[in-house]
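Just follow the structure's listing: the first ligand is 1, and inside any ligand the first atom is 1. Positions are given from 1 along the sequence.
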Amino acid sequence: MNGHPTEDLALWAEVDLGCIRRNVSRIKGRLTPGTALLAVVKANGYGHGEVEAARAAIDGGADWLGVARTQEGAALREAGIDRPILLLAQPPLSALAAAAEFRLTPTIYTEEAARAWAAQATGGHPLGCHVKVDTGMHRYGVACEQAEEFLDLLRGLPGLRVEGIWTHFAVAEEVANSFTSQQHKLFGELLDSLGPKADGLIRHMSNSAGALTLPEAHLDLVRTGIATYGIYPSPALAGTVELEPAMSLKSRVGLVKRLAAGEAISYGQRYKLSRDGLVATIPCGYADGLRRALGNHGEVLIRGRRYRISGTITMDHFLVDAGDDVVEIGDEVVILGRQRDDRITAQEMADKLGTIPYEVVCGISARVRRIYLNRQPGPGGS
Ligand SMILES: *Cc1c(COP(=O)(O)O)cnc(C)c1O
């Protein structure tokens with residue numbers, strides 16, 4: 001442990017940047033030739049660290065980056081990242097000045113925002129934007145029937161240049177759901193009906209699920225988030241391409257004590273020892289993103305063995321009844337990730353929580369220090 005960067009940490013998230021590089025490169029290798037890849041690094045890179053994830057994705061071959069919020073894009077620019085950055089939602093009008101300052105490409109779907117964006121242009125240089133069309137997700141976007149008129153309007157604004165047109169799938173991770181092909185068909189019909197008006201536009205619609213399963217929907221660009229981090233959008237897509245989960249959550253046993261049968265542990269006394277045994281306390285709690293609902297339910301790895309989390313998860317700690325096994329203070333505890341021959345996946349944790357792995361990795365809180373493995377000096381910095 002001497003001098004190891006985790007030596008003085010109770011809990012840390014290890015992010016293997018080599019996994020992100022290889023995931024991006026493998027996904028890119030499966031795309032229809034000519035399709036570019038936009039790595040989605042919103043929400044602190046799905047919890048992995050925005051700037052580090054972005055650099056690794058670029059090193060793996062990402063052409064674009066995508067974020068949800070203007071501040072996320074600004075942070076990438078401030079770190080010296082120079083790739084095109086798409087804002088996946090239209091920013092508030094008051095954020096457009098910052099979007100221009102940081103050379104972000106906003107997605108636009110209202111006339112008001114289009115005019116305000118055009119007004120940010122200076123020195124006769126029009127500002128780029130992508131137009132989003134709603135093909136059935138019904139979150140954001142101009143209706144398909146209004147798309148042509150909207151494009152015409154935008155092209156009449158001297159300060160603005162439309163560079164792309166895109167839409168978003170609602171259920172692409174459900175392999176058998178025909179709604180995805182309906183959306184694909186609608187978008188294709190729209191592009192056809194636009195004819196030459198769509199020429200030169202970057203057309204895109206696929207998230208990770210679309211990128212992995214629908215080559216016909218690759219178009220000019222795919223926007224991959226979750227797969228970048230080594231997690232399949234749904235278990236049904238496991239194996240479509242080899243992905244390596246980049247993030248692990250690790251801690252060390254903080255205390256071990258022997259307790260007698262019948263003793264109850266942690267808040268609410270929701271776990272009672274059925275026989276005398278060794279109880280370990282581990283410094284990871286719901287404030288770190290280990291959801292309280294995993295009390296008496298989730299599992300962790302210690303010395304290569306699985307243990308159920310015993311009793312209530314508290315804000316900063318949880319407990320494990322190790323029975324007759326040997327467990328010592330300082331033993332590594334893997335909450336998410338691999339230890340010896342076993343692995344706790346974000347999917348496993350999500351299944352126990354009735355949620356999706358996206359929420360598990362995004363939920364690892366800011367308090368948890370990220371430790372980066374296999375950082376590479378390379379073009380990702382610029
Ligand atoms: C978050 C997001 C994505 C990435 O989705 P994944 O399922 O993580 O690949 C793609 N497009 C848009 C518009 C998004 O908001």
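Looking only at heavy atoms of the protein, atom 4 (C) of ligand 1 is closest to Y46 OH, 3.3 Å. Counting only heavy atoms of the protein, atom 12 (C) of ligand 1 lies nearest to H168 CE1, 3.4 Å. Given atom 9 (O) of ligand 1, the protein heavy atom at minimum distance is S208 OG, 2.5 Å. For atom 15 (O) of ligand 1, the closest non-hydrogen atom on the protein side is K42 NZ, 2.7 Å. At the top of the distance list for atom 7 (O) of ligand 1, counting protein heavy atoms only, stands Y358 OH, 2.6 Å.
Under 4.0 angstrom from ligand 1, there are no non-hydrogen atoms of M137. By the criterion of a heavy-atom distance under 4.0 Å, the side chain of V40, and not its backbone, is placed next to ligand 1. The proximity of R223 to ligand 1, defined as any non-hydrogen pair under 4.0 Å, involves the side chain as well as the backbone. The residue E173 has no part lying near ligand 1, judged by heavy-atom distances below 4.0 Å. Looking at W166 against ligand 1, only its side chain comes within 4.0 Å, counting heavy atoms.
Considering backbone and side-chain atoms together, I226 places an N or O closer than 3.5 Å to an N or O of ligand 1.
Side-chain atoms of T35 do not come within 3.5 Å of backbone N or O of L31 as any donor-acceptor pair.
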Test ring pair (Phe, Tyr, Trp, His ring centres under 6.0 Å) on W64 and H204; report intermediate values, then the result. CA-CA 12 Å; W64 280 72; H204 51 110; 7.4 Å; no
Starting from the C-alpha separation in whole Å, work towards a yes-or-no answer on side-chain hydrogen bond (donor to acceptor under 3.5 Å, both in side chains) for Y109 and D134. CA-CA 10 Å; Y109 30 75; D134 182 6; over 6 Å; no
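Looking at Y286 and D316, their side chains never bring a donor and an acceptor atom within 3.5 Å of each other.
The number of heavy-atom neighbours closer than 6.0 Å to CZ of R270, taken from other residues, nucleotides and ligands shown, is above 12. Atom OH of Y140 sits in a sparse spot, with 12 or fewer heavy atoms from other residues, nucleotides or ligands closer than 6.0 Å. Residue-environment remark: CD (E216) exceeds the threshold of 12 foreign heavy atoms within 6.0 Å.
W166 and L153 are not part of a single hydrophobic cluster, where members link through side-chain heavy atoms under 4.5 Å apart.
Heavy-atom proximity to R139, at under 4.0 Å, picks out these atoms of ligand 1: 15 (O).
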